[in-house]
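Presented below is the structure to which this report refers.
The chains referred to below are lettered A, B, ... by the order of the sequence lines, with proteins before strands, and numbering in each begins at 1.
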2 protein chains.
Amino acid sequence: MTNEPNVGTEARRPRQDRGTASPSDSSAPTLRDVGARAGVSTMTASRALRGDASVAPDTRQRVLAAASDLKYRRNELARNLRTGGASGMVGLVVPNLANPFYSELALGVETALAQRGTKVVLSNTGGDARREREVVEDLVARRMDGIIVVPTGGDQSHLDPARLQDTPVVLAALPAHEIAVDCVLLDDFGGASEATASLIADGHRRIAFLGPPAVWTISERLRGFRSALNKAGIQPDERLIRWQQRDVASAARVAEQVLTLPDPPTAFFCANSRNTLGVCRAVQRLGSDAIVCGFDDFELADMLGISLRLVTYRTEVMGERAASLLMDRVDEVRAGAGERKPLRQSTIPTALTRYTPLARRAT
Amino acid sequence: MTNEPNVGTEARRPRQDRGTASPSDSSAPTLRDVGARAGVSTMTASRALRGDASVAPDTRQRVLAAASDLKYRRNELARNLRTGGASGMVGLVVPNLANPFYSELALGVETALAQRGTKVVLSNTGGDARREREVVEDLVARRMDGIIVVPTGGDQSHLDPARLQDTPVVLAALPAHEIAVDCVLLDDFGGASEATASLIADGHRRIAFLGPPAVWTISERLRGFRSALNKAGIQPDERLIRWQQRDVASAARVAEQVLTLPDPPTAFFCANSRNTLGVCRAVQRLGSDAIVCGFDDFELADMLGISLRLVTYRTEVMGERAASLLMDRVDEVRAGAGERKPLRQSTIPTALTRYTPLARRAT
DNA sequence: TTGTATGCGTTATCAT
DNA sequence: ATGATAACGCATACAA
């Protein structure tokens with residue numbers, strides 16, 4: 001060996017020989033190692049492992065054996081780099097995974113994407129808008145094929161694909177605000193209006209509305225509530241419309257106030273489950289026979305000892321749909337610079353579910 | 001330009017010039033594009049964006065401006081390939097994200113890892129052991145820095161790091177079986193025994209045990225139950241020990257059977273929340289005054305209208321701990337081929353929480 | 001059928 | 001302070 005500048009492929013190879021490397025070697029074996037052990041070139045090893053037809057059967061066998069011996073696994077990250085292709089990963093950004101809404105959404109996304117062999121990279125923002133921005137930046141830097149976001153905060157400009165290297169983005173649960181992205185929404189308006197209509201159909205005329213401070217989804221529910229009343233020619237009593245309750249305790253307090261008015265409501269429509277629970281508590285405490293109706297299902301709804309009708313929906317379906325919309329865009333991008341299909345907005349239907357308490361002290 | 005074989009760097013460059021590329025160009029800008037636009041080499045661009053000190057201030061400014069103009073983001077995947085470094089991603093494999101136990105665990109993992117800038121790649125197995133194997137293989141191929149698994153099924157051989165290119169693995173909720181991995185467990189034995197002891201302290205002597213078919217965690221709880229009885233010199237009545245109930249309905253049925261025995265128990269210890277709920281239902285239906293105690297917290301435990309004492313714990317802490325154990329191993333591997341620390345097994349403590357129903361029909 | 005040369009986007013290294 | 005070159009692990013294009 002002379003000191004000439006690098007000439008020839010094997011000569012300049014700085015990597016240690018792995019064909020006979022000790023098993024405790026810490027770095028993973030590469031195609032080159034497999035090829036060396038099988039006595040073929042890196043390319044032949046690559047082809048054999050990919051199942052390329054132009055590899056002699058016995059060669060393939062030797063390569064497969066070598067790969068198996070070395071416990072070789074293709075480095076998909078390197079592969080994706082070379083094929084200029086998709087990373088096979090999608091980012092999912094949610095405010096709080098401990099909330100069943102988001103975890104069920106995540107499950108739906110995972111289920112739909114797993115069928116395509118695409119992985120989900122999870123990010124929890126804790127409802128912090130700044131963190132959401134950072135996280136999305138990071139996901140783009142990691143070359144996600146697309147990103148699904150349940151947005152926090154009003155400004156969505158950081159979610160605009162135009163600013164994100166054209167990474168497709170899909171919004172879930174909230175509509176897009178001044179950015180060109182697809183989104184999946186719940187039928188907040190329809191669900192609320194249907195539920196309210198069912199109360200009206202049962203003869204209720206004085207119906208209270210309790211909810212948390214109005215973000216978009218809540219105001220849609222209030223709009224649905226008003227719409228149903230309006231359609232029935234009922235003038236809502238504004239004193240019965242209360243939307244400052246963030247937790248069960250304050251909802252219960254407000255419900256008790258409302259129930260002790262001179263002319264109390266005969267039914268409640270609650271815009272989220274915390275308000276529903278608060279109202280249930282108040283109704284039980286006061287022994288009221290007001291009917292409780294609310295948005296959002298919750299576990300044990302049949303064990304509260306009180307009749308309940310709830311606007312329910314399948315959150316996983318929302319996740320699946322979001323994944324589907326996203327992958328359509330991903331495929332579109334990968335197909336080339338052709339025309340983009342128009343923006344899509346998908347609405348997940350709701351249903352009205354009635355829960356009846358089980359019999360008590362049956363004798 | 002002659003037709004000589006490739007000579008020189010710029011001459012062989014097949015890539016289109018991006019310095020003035022149209023903004024609708026679909027592929028992401030690279031360091032070369034940034035360098036070209038700033039009038040410097042790729043390396044200088046790289047150094048400037050990394051914050052390398054050996055870059056002239058005004059050069060840095062030009063590079064930063066160019067990067068900003070092009071909306072450049074470093075390709076972290078390519079970077080990791082070159083630096084031979086960690087992918088900055090960890091796999092998380094759980095049976096069912098819709099189960100709060102797993103989603104809270106996931107939240108804990110995400111929270112702990114986010115602080116290190118490590119991302120979580122999620123996989124849901126649906127409790128399918130075959131899928132678990134596939135998923136883990138895939139995660140290794142995608143070069144996760146480590147993998148956290150809540151294992152399904154008895155055989156864990158596919159989770160052995162020795163078979164996974166030495167990818168560190170941590171088990172959560174279940175102990176390792178014949179594989180060399182760290183794990184995080186819940187104090188099933190301690191929690192159950194403490195809860196049972198509290199019933200005994202209250203004077204209960206006939207205590208029923210209801211649970212689902214015994215996997216490891218459930219048999220630990222049964223063992224804790226028996227241990228507490230034993231310690232108090234109480235001989236358990238085997239007819240009151242029932243562990244075939246997978247759902248609320250069957251648990252309720254069995255609880256009713258037990259309650260209508262000639263000599264019914266005065267208290268129940270339930271090994272999971274479905275059995276707890278079933279027992280609550282039975283107790284309510286029959287108007288029994290038996291005390292209900294159970295393992296696992298659940299929402300609305302304070303709204304069932306029945307006194308409850310539950311073995312509770314913080315699932316996110318388990319996730320955080322799993323992440324911590326895993327990253328210790330990851331750092332260990334990256335530090336070199338030195339000695340490995342001995343295996344660790346971490347136990348998450350439980351607490352006994354009492355829920356009292358709210359007052360009813362207060363006047 | 002198999003191998004060689006080259007490049008994906010980045011950085012380590014050595015030159016200048 | 002900046003640039004040229006090679007390499008990370010893999011795959012495309014072309015040669016043999």
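Counting to the nearest Å, the P atom of D:dA7 and the CG atom of A:L77 are 22 Å from each other. One atom, CZ of A:R82, and another, P of C:dA5, lie 16 Å apart when rounded to the nearest Å. Remark: C1' of C:dT10 and CZ of A:R143 are 11 Å apart, rounded to the nearest angstrom. Atom-to-atom, CZ of A:R47 to P of D:dC14 comes out at 14 Å; the value is rounded to the nearest Å. Between the P atom of D:dG3 and the CG atom of B:D52 lies a distance of 13 Å, rounded to the nearest Å. When the C1' atom of C:dG9 is taken as reference, atom CE of B:M43 falls 12 Å away, rounded to whole Å. If you measure from atom CZ of B:R60 to atom P of D:dA1, you get 10 Å, rounded to the nearest angstrom. Rounded to a whole Å, the CG atom of B:D33 is 13 Å from the C1' atom of C:dC8.
Of all nucleotides listed (C:dG9, C:dT2, D:dG9), C:dT2 comes nearest to the side chain of A:A56. Closest contact between the side chain of A:S54 and the listed nucleotides D:dT2, D:dG9, C:dT2 involves C:dT2.
Residue B:T59 places at least one side-chain N or O under 4.0 Å from the OP1 or OP2 atom of D:dT2. OP1 or OP2 of C:dA12 has at least one side-chain nitrogen or oxygen of B:R50 nearer than 4.0 Å. Remark: A:R79 is in phosphate contact with D:dA11, judged by side-chain N or O atoms under 4.0 Å from OP1 or OP2. Phosphate proximity of C:dG3 to A:S41: present, with a side-chain N or O under 4.0 Å from OP1 or OP2. Not one side-chain nitrogen or oxygen of A:S46 sits closer than 4.0 Å to the OP1 or OP2 atom of D:dC10.
Of the possible donor and acceptor atoms, none in the side chain of A:D145 sits under 3.5 Å from a partner among the backbone N and O of A:V330.
Side chains of A:R50 and A:S46: a donor on one and an acceptor on the other come within 3.5 Å. For A:N80 and A:S87, the side-chain atoms include no donor-acceptor pair closer than 3.5 Å.
Place A:T42 and B:T42 on DNA chain D by their nearest nucleotides, and B:T42 ends up nearer the 5' end. Of the two residues contacting DNA chain D, namely A:T83 and B:L81, the nearest-nucleotide position lying further toward the 5' end is that of B:L81. In this structure, A:P57 and B:R74 both approach DNA chain C, and ranking their closest nucleotides by distance from the 5' end singles out A:P57.
Each of B:V63, B:T44, B:V55 was scored for a side chain to side chain contact (heavy atoms under 4.5 Å, CB included) with B:L49, with one residue passing: B:V63.
Between B:D155 and B:R133 there is a salt bridge, since at least one side-chain N of the basic residue sits less than 4.0 Å from a carboxylate O of the acidic one.
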